[in-house]
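Any value given below was found using the heavy atoms of this structure, including those in side chains, with hydrogens, waters and symmetry copies removed.
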Amino acid sequence: MEEVMEGATFITPMKLWNLGEGLNEAQNMAPVNAEASLFKSVFKNAVDQVKETEADVEHKQYLLATGQLDDAHTLPIAEAKASLSLDVLLTLRNKTLSAYEELIKLNV
């Protein structure tokens, strides 16, 4: 159903998050360590995604500034991807802090 339009091959999709590796590693560990490992892998993937998209934006900005960027509309696309990946990371952080605060409130 997805057609590739001629000349539109310069738009690359965002890299999928590699959650499968964390799940396989987590299943082989103890239950508490498995959950910690899964969270660690998800959080690490989110941070890596932000780093990759920000590096792509910086590279495209350099190319645009030096006149080497053939299609100027790829820069706003890269900026939107970077913004979305940063939003995901911030949401993950905020939800984690909220869950931690709820745990602190529990009486033992």
Side-chain angles (χ1 to χ4, degrees):
M1 187 169 222
E2 184 177 312
E3 294 181 23
V4 177
M5 296 173 51
E6 200 170 307
T9 57
F10 56 85
I11 299 174
T12 56
M14 291 181 75
K15 181 179 150 190
L16 292 176
W17 290 18
N18 213 359
L19 298 178
E21 292 175 8
L23 288 173
N24 291 335
E25 292 172 7
Q27 290 172 348
N28 296 332
M29 299 180 175
V32 174
N33 284 339
E35 292 170 359
S37 176
L38 178 61
F39 174 76
K40 180 180 176 182
S41 68
V42 169
F43 201 77
K44 184 179 181 317
N45 285 334
V47 170
D48 290 343
Q49 185 73 28
V50 170
K51 287 179 182 178
E52 288 176 19
T53 55
E54 287 295 327
D56 186 42
V57 167
E58 289 176 8
H59 179 69
K60 286 188 182 351
Q61 287 174 337
Y62 171 77
L63 292 177
L64 182 66
T66 58
Q68 300 174 24
L69 190 63
D70 294 332
D71 41 357
H73 58 279
T74 58
L75 179 59
I77 293 170
E79 289 172 341
K81 286 180 183 180
S83 176
L84 286 173
S85 64
L86 183 61
D87 287 345
V88 168
L89 180 62
L90 291 176
T91 302
L92 182 61
R93 181 205 62 181
N94 292 341
K95 291 292 185 180
T96 303
L97 287 175
S98 175
Y100 177 75
E101 289 171 356
E102 289 296 319
L103 287 174
I104 294 297
K105 290 178 186 178
L106 289 177
N107 291 329
V108 180

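- Separating the CD atom in Glu54 from the CD atom in Glu79 is a distance of 9.0 Å, to the nearest 0.5 Å.
- Smallest separation of non-hydrogen atoms from Thr96 and Leu92: OG1-O, 2.7 Å.
- To the nearest 0.5 Å, atoms NZ (Lys95) and OG1 (Thr91) are separated by 8.0 Å.
- Nearest heavy-atom pair across Val50 and Ser85 is CG2-O, 3.4 Å.
- Between Leu64 and Ala72, the shortest heavy-atom contact is CD1-CB, 4.3 Å.
- When hydrophobic residues (I, L, V, M, F, W, Y) are linked wherever their side-chain heavy atoms come within less than 4.5 Å, the members clustered with Tyr100 are Ile104.
- Arg93 has its side chain within reach of Leu97: a pair of non-hydrogen atoms, C-beta onward, lies under 4.5 Å apart.
- Side-chain atoms of Ser98 never come within 3.5 Å of backbone atoms of Asn94 as a donor-acceptor pair (strictly under, hydrogens ignored).
- Note that CG of Asp56 is 9.0 Å distant from CG of Leu75, once rounded to the nearest 0.5 Å.
- Put simply, the side chain of Asn45 gets close to the backbone of Ser41: a donor and an acceptor are under 3.5 Å apart.
- For Gln68, the side chain to side chain contact (heavy atoms under 4.5 Å, CB included) partners at least two apart in sequence or on another chain are Leu63, Thr66.
- Under the 4.5 Å side-chain heavy-atom criterion for Ile, Leu, Val, Met, Phe, Trp and Tyr, Val57 and Leu90 are members of distinct hydrophobic clusters.
- By the ring pair (Phe, Tyr, Trp, His ring centres under 6.0 Å) test, Phe43 pairs with Phe39, sequence neighbours left out.
- Interatomic distance, Gln49 CD to Lys81 NZ, rounded to the nearest 0.5 Å: 9.0 Å.
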